[in-house]
Q: 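Below you will find the structure I want to go over with you.
In the text below, chain A, chain B and the rest are named by the order of the sequence lines, each starting its count at 1. Quick caveat: nothing in here was measured; it's all calculated off a predicted structure.
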Amino acid sequence: MRTSAFFLSTLKEAPNEAELVSHKLMLRAGLISRLGSGLYSWMPLGLRVLRKIEQIVREEMNRAGALELFLPAVQPAELWQESGRWDRFGPQMLKIKDRHERDFCFGPTHEEVITDIARREIRSYRQLPVHFYQIQTKFRDEIRPRFGVMRAREFIMKDGYSFHADFASLEREYRNMFETYSRIFDRLELEYRAVAADTGAIGGTGSHEFHVLADSGEDVIAYGVDSDYAANVELAEALAPATARAPASQPMSRVATPGQHNIEEVSAFLKLPAKRIVKTLMVVTGDGREVFILLRGDHMLNAVKADRKFLLNEGFRFATEVEVRARLGADPGSIGPVGNHGLLVLADRAVMAMNDFACGANETDYHLTGVNFGRDLPEPAETADLRDVVEGDPSPDGKGVLGICRGIEVGHIFQLRTKYSEALGATFLDEAGQSRPMEMGCYGIGVSRIVAAAIEQNHDERGIVWPMPIAPFEIAIAPVGYRKSPEVKALADRLHQELAAAGIDVLLDDRDERPGVMFADLELIGIPHRITIGERGLRQGQVEYVSRRTGTTQMVEADGVTAFAKALVR
RNA sequence: CGGGGUGUGACGCAGCCUGGUAGCGUGCCUGCUUUGGGAGCAGGAUGUCGGAGGUUCGAAUCCUCUCACCCCGACCA
């Protein structure tokens with residue numbers, strides 16, 4: 001490809017709508033163009049990247065035995081009413097009406113449609129298992145679209161759905177997909193982790209998210225520093241402390257802590273590390289009971305875990321300041337579990353190992369120090385894992401400690417079991433002639449999001465640094481003086497022709513721009529390899545090679561440059 | 001949804017407070033010179049100042065409404 005025949009539209013300055021580095025670079029490099037909030041046009045350069053990702057996904061899905069099909073983007077309401085999700089999916093679903101005032105939605109996902117196909121097409125266990133997938137545009141009316149294609153409303157997703165006669169078969173396919181996804185992200189050359197995930201509202205027994213690791217990621221992941229363990233931080237278990245509680249060694253005393261309201265302030269004021277302070281949270285359960293939750297000062301409440309604890313009472317909320325004062329007669333910053341407060345006390349397991357700790361005195365601007373369970377207050381009524389894990393916690397798999405990092409979710413695999421097949425009546429006849437609902441799995445990959453995630457992970461101050469498998473062009477040829485020097489032009493043209501003939505994605509910058517302009521553009525758009533051809537080097541019979549990622553340069557014999565360039569790509 | 005902010009040429013911005021009919025940098029077009037890291041000179045094109053209404057002799061500027069976009073927000077304890 002020649003730049004004169006292509007369409008490059010680079011910007012020196014990023015439009016101010018962009019916050020995230022990948023978003024800025026995608027706009028500056030001309031990969032995408034914004035049409036509306038959460039709506040992006042894919043420009044030719046960006047589309048080349050998108051297509052390469054799609055192709056890798058497609059190849060690996062096919063290799064894994066899944067069958068590609070293509071489902072309608074617009075779906076009738078009836079199907080969603082049947083599954084019960086028409087109302088429950090919420091405002092994320094874009095609902096539309098046709099000319100007959102019939103309800104449709106622009107598909108946010110395709111479980112209903114695929115299950116409808118399965119119930120029409122599959123009658124016998126002999127047809128199972130089967131796995132259908134598609135690469136489709138979805139629309140989810142996000143509360144707050146942001147970060148460009150990272151959290152867009154319209155986006156491209158690979159979604160696959162498998163159907164099985166029994167759970168064992170589903171589990172096999174689940175493992176198959178786990179491996180397939182790993183292969184896909186390996187091939188994309190992204191740094192990623194498969195993390196155990198909460199199955200959430202979708203239900204089912206097993207679920208893994210695949211995260212591209214990046215500091216800007218929206219999700220927080222706990223991973224084993226010395227093992228394969230990885231889990232969403234909401235899900236990672238904080239193990240009970242291994243050491244027993246030390247005996248009390250200090251008397252309990254009441255100290256004035258004027259104006260010190262949060263753990264940080266109290267810690268600094270009392271010159272006591274946060275891990276020696278008990279954080280007391282007053283919450284109200286769904287059935288109206290007020291409860292104390294105790295956490296170590298340096299720990300954070302995990303709402304998912306606490307919610308599970310209160311499940312029978314339909315969740316919980318934090319008590320308001322008014323409620324706290326009415327109940328305890330103290331400001332929220334000075335409350336604690338000691339005294340005749342009458343509240344149920346629920347403690348995180350880490351708290352159980354604490355002795356001689358500090359906590360609020362239930363008197364505004366006062367705290368207690370040297371507090372001990374058993375002596376100064378009763379043991380908590382209940383203990384549980386209620387906190388987020390932190391860096392350095394023991395890994396739940398017993399191997400070493402946990403690290404914390406951020407990730408961008410680019411893939412998710414679920415064991416759906418029979419949730420949809422039952423709702424929609426997707427049944428089959430087993431060997432015994434019995435009608436049974438099919439076991440289902442579902443497997444998604446955020447194709448368009450991967451473009452942004454790849455950039456988050458691969459960029460520098462000059463621009464994008466594409467991993468080779470998804471680079472829009474693999475090699476750039478930058479001729480200096482293309483229009484002036486016949487020798488330069490001749491070699492550039494020949495190299496371009498020979499590489500293109502070899503099936504290499506090569507971009508010849510024939511714009512006759514100044515070198516600085518060419519170099520800056522080629523670096524911004526992130527082409528992995530650049531060969532610069534100029535009169536200067538040609539006099540020595542040489543051209544210059546530069547690696548985008550490492551920046552290392554190398555002089556190459558002009559005669560052998562085609563072979564050299566081919567070797568780079570292979 | 002709540003809070004905050006911004007809309008002025010393709011991109012980044014100034015002008016608004018204190019009304020007088022729009023400016024800067026980059027980019028774009030033409031010509032000449034230049035050509036190994038975002039060139040120089042000369043000439044040039046491009047703006048319903050987000051939209052509607054109002055105040056005024058006069059509105060980018062003041063007022064009202066509206067639309068779009070961006071950012072922040074779900075543990076002070």
Q: Can you find a side-chain donor-acceptor pair between A:Asn232 and A:Asp219 that sits under 3.5 Å?
A: no
Q: For B:C49 and B:G44, measure between their P atoms and round to the nearest Å.
A: 25 Å
Q: Please classify the nucleic acid contact of A:Gly360 as base, sugar-phosphate, or nothing, using heavy-atom distances under 4.0 Å.
A: nothing
Q: So which pairs with a foot in residues 358-374 of chain A pass salt bridge (Lys or Arg N to Asp or Glu O under 4.0 Å), sequence neighbours left out?
A: A:Arg254-A:Glu363
Q: Mind checking A:Ala319 for me? I need base, sugar-phosphate or nothing, with any heavy atom below 4.0 Å counting as a touch.
A: base
Q: Please confirm whether the shortest side-chain N or O distance from A:Asn16 to OP1 or OP2 of B:G12 is below 4.0 Å.
A: yes
Q: Categorize A:Glu265 for me: base, sugar-phosphate, or nothing, with a 4.0 angstrom heavy-atom threshold over every strand shown.
A: nothing
Q: Near RNA chain B, under 4.0 Å by heavy atom, which residues of residues 505-517 of chain A?
A: A:Arg514, A:Pro515, A:Gly516, A:Val517
Q: What distance, rounded to whole Å, do you find between the two C1' atoms, one in B:A60 and one in B:G7?
A: 11 Å
Q: Side chains of A:Met282 and A:Phe292, heavy atoms from C-beta outward: is any pair under 4.5 Å?
A: yes
Q: What is the separation between atom CG on A:Leu8 and atom P on B:C28, rounded to the nearest whole Å?
A: 13 Å
Q: For B:G2, which nucleotide is its Watson-Crick or G-U wobble mate, given both distances must be under 3.5 Å?
A: B:C72
Q: For B:G50 versus B:G12, give the span between their P atoms, rounded off to a whole number of Å.
A: 14 Å
Q: When the ring centroid of A:Phe155 is compared with that of A:Tyr40, is the distance short of 6.0 Å?
A: no
Q: Under a 3.5 Å cut-off for both contacts, is B:G47 paired Watson-Crick or G-U wobble with anything, and if yes, with which nucleotide?
A: none
Q: More 5' along RNA chain B: A:Phe147 or A:Leu281, using each one's nearest nucleotide?
A: A:Phe147
Q: Could you check which of B:G36, B:G12, B:C72 has an atom nearest any side-chain atom of A:Glu13?
A: B:G12
Q: What is the base-pairing partner of B:C62, counting Watson-Crick and G-U wobble geometry with both distances under 3.5 Å?
A: B:G54
Q: Provide the distance between the two C1' atoms, one in B:A22 and one in B:G15, to the nearest whole Å.
A: 8 Å
Q: Applying a 3.5 Å limit to both distances, which nucleotide forms a Watson-Crick or G-U wobble pair with B:G36?
A: none
Q: Rounding to an integer number of angstrom, what distance separates B:G27 and B:G51 when you compare their P atoms?
A: 28 Å
Q: A:Leu27 CG to B:G27 P: how many Å, rounded?
A: 19 Å
Q: Nearest to the side chain of A:Glu321, heavy atoms from C-beta on, is which of B:G37, B:G38, B:C76?
A: B:C76
Q: Hey, does A:Arg289 have a side-chain heavy atom less than 4.5 Å from the side chain of A:Leu344?
A: yes
Q: What is the distance from atom CG of A:Leu294 to atom CG of A:Leu377, rounded to the nearest 0.5 Å?
A: 8.0 Å
Q: Ignoring the backbone of A:Lys12, work out which of B:C71, B:G38, B:A77 is nearest its side chain.
A: B:G38
Q: Any base atoms under 4.0 Å from A:Arg34, or only sugar-phosphate, or nothing? Heavy atoms, all strands.
A: sugar-phosphate
Q: Relative to A:Trp86, does A:Lys95 satisfy both conditions: NZ or CZ under 6.0 angstrom from the six-membered ring centre, and within 45 degrees of the ring's axis?
A: yes
Q: Counting only Watson-Crick pairs (N1-N3 plus N6-O4 or O6-N4) and G-U wobbles (N1-O2, O6-N3), all under 3.5 Å, who is the partner of B:U30?
A: B:A42
Q: Rounding to a whole Å, what distance do you find between A:Arg296:CZ and B:A77:C1'?
A: 18 Å
Q: Whole angstroms only, please: what is the CZ-P distance between A:Arg144 and B:G73?
A: 7 Å
Q: Provide, to the nearest angstrom, the distance between the CD atom belonging to A:Glu523 and the C1' atom belonging to B:G38.
A: 11 Å
Q: Can you find a pair of side-chain heavy atoms, one from A:Ile404 and one from A:Val389, that are under 4.5 Å apart?
A: yes
Q: Under 4.0 Å between a side-chain N or O of A:Ser334 and OP1 or OP2 of B:A77?
A: no
Q: Just checking A:Arg462: base, sugar-phosphate only, or nothing, at a heavy-atom cut-off of under 4.0 Å?
A: base
Q: Can you find a donor-acceptor N/O pair under 3.5 angstrom joining the side chain of A:Glu535 to the base of B:G36?
A: no
Q: With rounding to the closest Å, how many angstrom separate the P atoms on B:A14 and B:U8?
A: 11 Å
Q: Quick check: on RNA chain B, is the nucleotide nearest A:Phe318 upstream (toward 5') of the one nearest A:Glu17, or the reverse? Name the residue that is more 5'.
A: A:Glu17
Q: Which listed nucleotide (B:C71, B:C76, B:C11) is nearest to the side chain of A:Leu11?
A: B:C11
Q: Roughly, in whole Å, what's the span from CD1 in A:Ile143 to P in B:A74?
A: 13 Å
Q: Under 4.0 Å between a side-chain N/O of A:Lys279 and OP1 or OP2 of B:C75, yes or no?
A: no
Q: With both distances under 3.5 Å as the test, what is the Watson-Crick or G-U wobble partner of B:G7?
A: B:C67
Q: Step through it carefully: locate the ring centre of A:Tyr223, locate the ring centre of A:His211, and say whether they are under 6.0 Å apart.
A: no
Q: Determine the interatomic distance between P on B:A45 and the same-named atom on B:U30; round to the nearest Å.
A: 15 Å
Q: Tell me whether A:Arg153 contacts the main-chain N or O of A:Gly38 through its side chain, where contact means a donor paired with an acceptor under 3.5 Å.
A: no
Q: May I have the distance from A:Leu20 (atom CG) to B:C71 (atom C1'), rounded to whole angstrom?
A: 13 Å
Q: For a side-chain hydrogen bond (donor to acceptor under 3.5 Å, both in side chains) check, start with the C-alpha distance between A:Tyr482 and A:Asp493, then their side-chain angles and the critical distance, and finish with the verdict.
A: CA-CA 10 Å; A:Tyr482 185 77; A:Asp493 285 346; 2.5 Å; yes
Q: What parts of residues 524-532 of chain A reach RNA chain B, counting only heavy atoms under 4.0 Å away?
A: A:Arg530, A:Thr532
Q: Taking B:G23 as the reference, what is the distance to B:C69 when you measure between their P atoms (whole Å, please)?
A: 31 Å
Q: I need the CZ-P distance between A:Phe7 and B:C28, as an integer number of Å.
A: 12 Å
Q: Indicate yes or no: at least one non-hydrogen side-chain atom of A:Lys97 is less than 4.5 angstrom from one of A:Asp103.
A: yes
Q: Can we say A:Arg327 and A:Glu290 salt-bridge, meaning some charged N sits less than 4.0 Å from an Asp/Glu carboxylate O?
A: yes
